[in-house]
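Let me begin by presenting the structure, written as structure tokens, before commenting on it.
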Amino acid sequence: MLSTGLLGAAVVAPGLDLQSSFIDLAQNAGLTAGAARLLWLPLPMLLVLVGAVVGVLVSVWLERKISAAVQQRIGPEYAGALGVLQPLADGLKLVFKEDIIPARADTLLFSLGPVLVVVPVILSWLVVPFGQNLLISNVGVGIFLWIALSSIQPIGLLMSGYSSNNKYSLLGGLRAAAQSISYEIPLALAVLAVVMMSNSLSTVDIVAQQTGAGIFSWNIWRQPVGFVIFWICALAECERLPFDLPEAEEELVAGYQTEYAGMKFALFYLGSYINLVLSALLVSVLYLGGWSFPIPVEWITGWLGVSPDAPLVQVITGSIGIVSTILKAYLLVFFAILLRWTTPRVRIDQLLDLGWKFLLPIALVNLLVTAGLKLAFPAAFGG
Amino acid sequence: MTIASTTQQICFLVLSAAVVAGSLGVVLLPNIVYSAFLLGGVFLSVSGLYLLLNASFVAAAQILVYVGAVNVLILFAIMLVNKKETLAAIPGLLVRRLLSGAVCGGLFALLLRVAFTTPWALPGPVPVGEEATIRIGEHLFTDYLLPFELASVLLLMAMIGAIVLARRDVFSTDVITGEPADQGLIEKDRTPLLIEKATPEPTLLSKP
């Protein structure tokens, strides 16, 4: 599966390839090629896992600070400077809480539910690229793998809703499943339009197709409707506020997580924030040019008169790529948090109406128009 | 034996065991909810087997269609009509079980015979790997176009049928009984609830 840089070989600059450098180094130290690969395998996985968890801590802190600012409060301020350690304190509190399983709950399913919610989300980080070769695996089915994996999540939600033996939990689980099935379809159709333009499902190829003219070649200019559909659907899949019916506090206590406490609740919490950061990263990959800088790095190196293949320049461009991916993603996280505090929750019938009667037809029309434009202007729409 | 082939063998054994044990659980477990969740596990293991065969697109499609849609809908249906009732034993249950067991055993024996007598071309053709997505698309729109279109027409028919069954009230006559159906339910105006409540109900006020 680990075929990094296999498909993206035809792209302009090869960029930083840590894997081949590491394997070369290990082979020089006297290891066989297989052993070197085996040593390399856990490194990016561990790095991405740590990165995802740190990303969650940052977004939890941002959520608390920004919501405080929206409501003219101060927010957390004592745990660390500006309260940056507050998420860590929250996490620590959840670790030390008692793990309660209700007496009439189904113990096995109750414990398995949160795991089924978190694992697919973490697995989806497999395809998030931070640079030409800076991803765990450049699998050919790329973005499709994410869509497929995110469809496992509702099963975990149904499982935890059912096994809690609580009517609010069951209602929350059923709502979550209905919501996630309804919004998966326009989401997939919006992705399909992008895939059609880039002729590939691989995330690396999708970003590579958006390079060339800097900010003007990003997909958001060619797919404005798709961008809006994707963002709405991604928020709905993450159960963020305009669409947080599965855990609507006023109606369902806390939905499927009502009976959960301690680490099992923390898994749900972690899963929802990892999913938010992941969705923001994928929006930036699909529509905002991924790791590409608003002004192409090749132009800058050309103006400065340095070779883009020099080791130092490669390290700098790689860092710029990582930073710009993360900046774009966190800009979207910021918008998601602002949306949370400015929009009221929709009703379940409004939610399903929006999904099936508005977003789905618009997404189909968008796909059709993209196909037509691709045939009419192959130069601009990736013919 | 290299590390890669050992890993592949271990994965194959684990996944096959999961498929066999899971399917037996789906059929034999008395609790229908467990059966439905296990079915999801079986689908996931099958997609793992596809991954081992280098068919990543088919594996992802398997997860999306079978786990994400079919299994979620099965669970949904079970949970919406989850009546706790003890079913009365059907007369002749033992005979029925023996009969269905015999049919399944016969089918199993037939499949085993086919598997052992077919001259499999080993090793098979070279896996196309990441090219598979393009190849599947080409086949679907050239030599497999007719089956593809037939399947889509079948799905459309199923969808229309489901809508007809679910929204019987839309049609002026009931499709099953032939009697005129009540149109009042769907065409009702949206009257604001609060204004309606403003006129007090006399029965409530006259109560001592």
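The model shown is predicted, which means the values in this text are computed figures rather than measured ones. Chain A is the first sequence line, chain B the second, and so forth, proteins listed ahead of strands; every chain is numbered from 1.
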Review point. What's the spacing between A:Ile152 CD1 and B:Leu64 CG if we round to 0.5 Å?
Key: 10.0 Å
**Study point:** CZ (A:Phe243) with more than 12 external heavy atoms under 6.0 Å
**Key:** yes
Point to revise | Heavy-atom contact with chain B under 4.5 Å, split by part of A:Leu170 | key: side chain
Point to revise | Any B:Phe57 side-chain heavy atom under 4.5 Å of A:Leu201 side chain | key: yes
Check your understanding: With only heavy atoms counted, which part of A:Glu184 is less than 4.5 Å from chain B, the side chain, the backbone, both or neither?
Key -> side chain
Check your understanding: Any side-chain heavy atom of B:Tyr34 sitting closer than 4.5 Å to one from A:Leu109?
Key -> yes
**Study point:** Heavy atoms of other groups near A:Tyr168 OH, more than 12 under 6.0 Å
**Key:** no
Practice item. Return the option, out of A:Leu112, A:Leu149, A:Ile181, A:Leu174, with the maximum number of heavy-atom pairs under 4.5 Å with chain B. Key: A:Leu174
Review point. Checking A:Ile147 against chain B: side chain, backbone, both or neither under 4.5 Å from a heavy atom?
Key: both
Point to revise | Distance-minimising heavy-atom pair for B:Ala60 and A:Ala148 | key: O-CB, 3.3 Å
Practice item. Could you tell me the separation between the OG atom of A:Ser200 and the CD1 atom of B:Ile134, rounded to the nearest 0.5 Å? Key: 7.5 Å
Check your understanding: Can you say whether A:Ala188 sits under 4.5 Å from chain B via the side chain, the backbone, both, or neither, judging by heavy atoms?
Key -> neither
Review point. How many angstroms lie between CD1 in A:Ile155 and CZ in B:Phe37, if you round to the nearest 0.5 Å?
Key: 7.5 Å
Practice item. Provide the closest heavy-atom pair for B:Phe76 versus A:Ala177 in the form atom of the first, atom of the second, distance. Key: CE1-CB, 3.8 Å
**Study point:** Heavy-atom contact with chain A under 4.5 Å, split by part of B:Ala132
**Key:** neither
